[in-house]
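Notes follow the structure.
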Amino acid sequence: MAKQEKDLSVLFYDTLKDIYYAEKQILRALPKMAKAAQAEELRNAFLEHREQTQGHVERLDQVFELIDKPARGKTCDAINGIIAEGTEIGEDFKDTEALDPGLLAAAQAVEHYEISRYGTLKTWAGQLGLTKVVPLLEATLQEEKKTDDLLSKLAQSVNKKAAA
Ligand SMILES: [Fe+2]
């Protein structure tokens, strides 16, 4: 029996399923992180990013449609691990000054994971000639980067408070 050919388009679809799963897990995690956050600005940032994340899922739905494949998630152990660490910080540092810096760090780890995934997917989409897919991935990539910048700025004030 011939081995199924595993080319870049297969890898692209696989990675798309990975980030689709990740976005859905993030959708579920963000309200919990918002609830745990002490600083109002941090809570708002988490809630705002949840709205954005909904848009990211919708864009991925469009990408699946454009490549004519079913929109499916594939368990991503990396994002599960990052989210689990965030949950653990939320529990271990509850009612302490270190809680918000810890939640922020966890959220930035999530963003960096997403930035890495979307950057790769965008490049592959270009190589595969998926010209309509590239701008969709680029739009989300830019939003993830913006969120990461916002979290970096928030970290300056939140960490200062924690260290005071
Ligand atoms: Fe996202």
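Counting starts at 1 for both ligands and their atoms, in listed order. These numbers come from a predicted model, not from an experiment.
- Minimum-distance N/O/S atom of Glu144 relative to the Fe ion (ligand 1): OE2.
- Side chains of His56 and Glu144: a donor on one and an acceptor on the other come within 3.5 Å.
- Residues Glu138 and Gln142 have side chains that bring a donor and an acceptor to within less than 3.5 angstrom of each other.
- Backbone or side-chain N, O or S atoms of Glu111 do not reach the Fe ion (ligand 1) at under 2.8 Å.
- For Glu114, the N, O or S atom closest to the Fe ion (ligand 1) goes by the atom name OE2.
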Start with the C-alpha distance between Glu143 and Arg59, add both sets of side-chain angles, then the distance that settles salt bridge (Lys or Arg N to Asp or Glu O under 4.0 Å), and finish with yes or no. CA-CA 12 Å; Glu143 283 180 9; Arg59 279 197 198 109; 3.2 Å; yes

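- Within His56, the N/O/S atom positioned nearest the Fe ion (ligand 1) carries the name ND1.
- For the pair Lys17 and Tyr13, the distance from NZ or CZ to the six-membered ring centre is under 6.0 Å and the angle to the ring normal is within 45 degrees.
- Ser116 places no side-chain N or O within donor-acceptor distance of the main-chain N or O of His112, the cut-off being under 3.5 Å.
- In summary, Glu23 places an N/O/S atom under 2.8 Å from the Fe ion (ligand 1), meeting the contact criterion.
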